[in-house]
Amino acid sequence: MMKNGVWFLVSLCVVMLFSVTVSFANETGEHPMQMVVHANGQDIVFALNESPASKSLLVQLPMEITVENYGNNEKIFYPPKKLNTSDTPLAGDVRSGTLAYYAPWGDVVMFYGSFHSAPGLYELGHAVQGGEYIRELSGMIMVAADVSQ
């Protein structure tokens with residue numbers, strides 16, 4: 001019983017340290033907030049904006065989650081918790097590589113094609129590396145914060 005409690009405390013400390021590291025790096029302006037999607041041996045790096053929605057996604061990372069096809073221009077996944085969209089810009093110029101959040105359904109959208117704006121579609125950021133791999137995503141993906149920049 002004691003071993004389980006110790007492991008829980010160690011895990012909690014690691015998560016808290018990770019969250020503090022992400023927050024410190026972003027608030028000091030040392031580098032932009034970034035998120036990495038890893039699947040099929042490839043990495044897609046997204047530079048995130050400083051919105052509350054992006055920040056509420058980052059605190060849920062890392063996660064292993066299923067990605068789904070939607071339409072013929074996007075891949076989606078559903079984070080465990082809804083994102084805070086207050087003061088988050090609506091997605092207007094949606095193009096390949098745009099990362100967005102569709103609040104009505106609670107899904108994160110990775111676009112690999114153009115799209116028009118839609119009510120409830122909020123911009124989170126843009127792919128800065130590996131955007132060409134979005135189209136090929138399928139099954140389980142690993143999504144993590146990138147604090148190496």
Exercise for the section: Start with the C-alpha gap between Leu99 and Leu48, add the side-chain angles, then the distance that decides, and say whether side-chain contact (heavy atoms from CB on, under 4.5 Å) holds. Expected result: CA-CA 8 Å; Leu99 182 71; Leu48 303 178; 3.4 Å; yes
Exercise for the section: Just do the side-chain contact (heavy atoms from CB on, under 4.5 Å) check on Val36 and Met142 with the steps written out, would you? Expected result: CA-CA 8 Å; Val36 178; Met142 175 58 73; over 6 Å; no
Exercise for the section: List the steps, then state whether side-chain contact (heavy atoms from CB on, under 4.5 Å) holds for Glu68 with Lys75. Expected result: CA-CA 6 Å; Glu68 303 172 21; Lys75 301 288 181 160; over 6 Å; no
Exercise for the section: Go through the steps for Val67 and Ile76 under the test side-chain contact (heavy atoms from CB on, under 4.5 Å), then give the verdict. Expected result: CA-CA 6 Å; Val67 68; Ile76 63 172; over 6 Å; no
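With Ser56 contributing its side chain and Pro52 its backbone, the two residues share a donor-acceptor pair below 3.5 Å. In terms of modelled atom types and a separation under 3.5 Å, the side chain of Tyr101 and the main chain of Ala53 share no donor-acceptor contact. Under a 3.5 Å cut-off, the side chain of Gln60 and the backbone N or O of Lys81 do form a donor-acceptor pair. Here the side chain of Asn49 pairs a donor or acceptor atom with the backbone of Glu123 at under 3.5 angstrom.
For Tyr70, the OH atom counts as loosely surrounded, since its 6.0 Å shell holds 12 or fewer non-hydrogen atoms of other residues, nucleotides or ligands.
Taking CD from Glu64 and NE2 from His38, the interatomic distance works out to 10.5 Å, rounded to the nearest 0.5 Å.
Of the N and O atoms on the side chains of Ser51 and Ser54, at least one donor lies less than 3.5 Å from an acceptor on the other residue.
Under the 4.5 Å side-chain heavy-atom criterion for Ile, Leu, Val, Met, Phe, Trp and Tyr, Val109 and Ile44 are members of distinct hydrophobic clusters. Linking ILVMFWY side-chain heavy atoms closer than 4.5 Å, directly or via other members, places Leu83 and Met63 in a single hydrophobic cluster. Transitive grouping of hydrophobic side chains (ILVMFWY, heavy atoms separated by less than 4.5 Å) keeps Tyr102 and Leu124 in distinct clusters. Note: the hydrophobic cluster containing Phe115 does not contain Tyr112 (ILVMFWY, side chain heavy atoms under 4.5 Å, direct or indirect links).
Closest non-hydrogen pair, Ala91 versus Ser117, comes out as O-CB, 3.3 Å. Nearest heavy-atom pair across Asn40 and Glu136 is ND2-O, 3.3 Å. Of all non-hydrogen atoms in Ala103 and Lys82, the two that sit nearest each other are O-NZ, 4.0 Å. When every heavy atom of Asn69 is checked against every heavy atom of Leu137, the shortest pair comes out as OD1-O, 4.5 Å. Taking each heavy atom of Ile134 and Met110 in turn, the nearest pair found is CG2-O, 3.5 Å. Between Gly97 and Phe46, the shortest heavy-atom distance links the atoms O-CE2, 3.7 Å.
With a 4.5 Å cut-off between side-chain heavy atoms of Ile, Leu, Val, Met, Phe, Trp and Tyr, the cluster of Met140 takes in none.
By the 4.5 Å heavy-atom criterion applied to side chains, Val143 and Met35 are counted as neighbours. A heavy-atom distance below 4.5 Å is not found between the side chains of Leu90 and Leu121. In this structure, the side chains of Leu58 and Met33 come closer than 4.5 Å at one or more pairs of heavy atoms.
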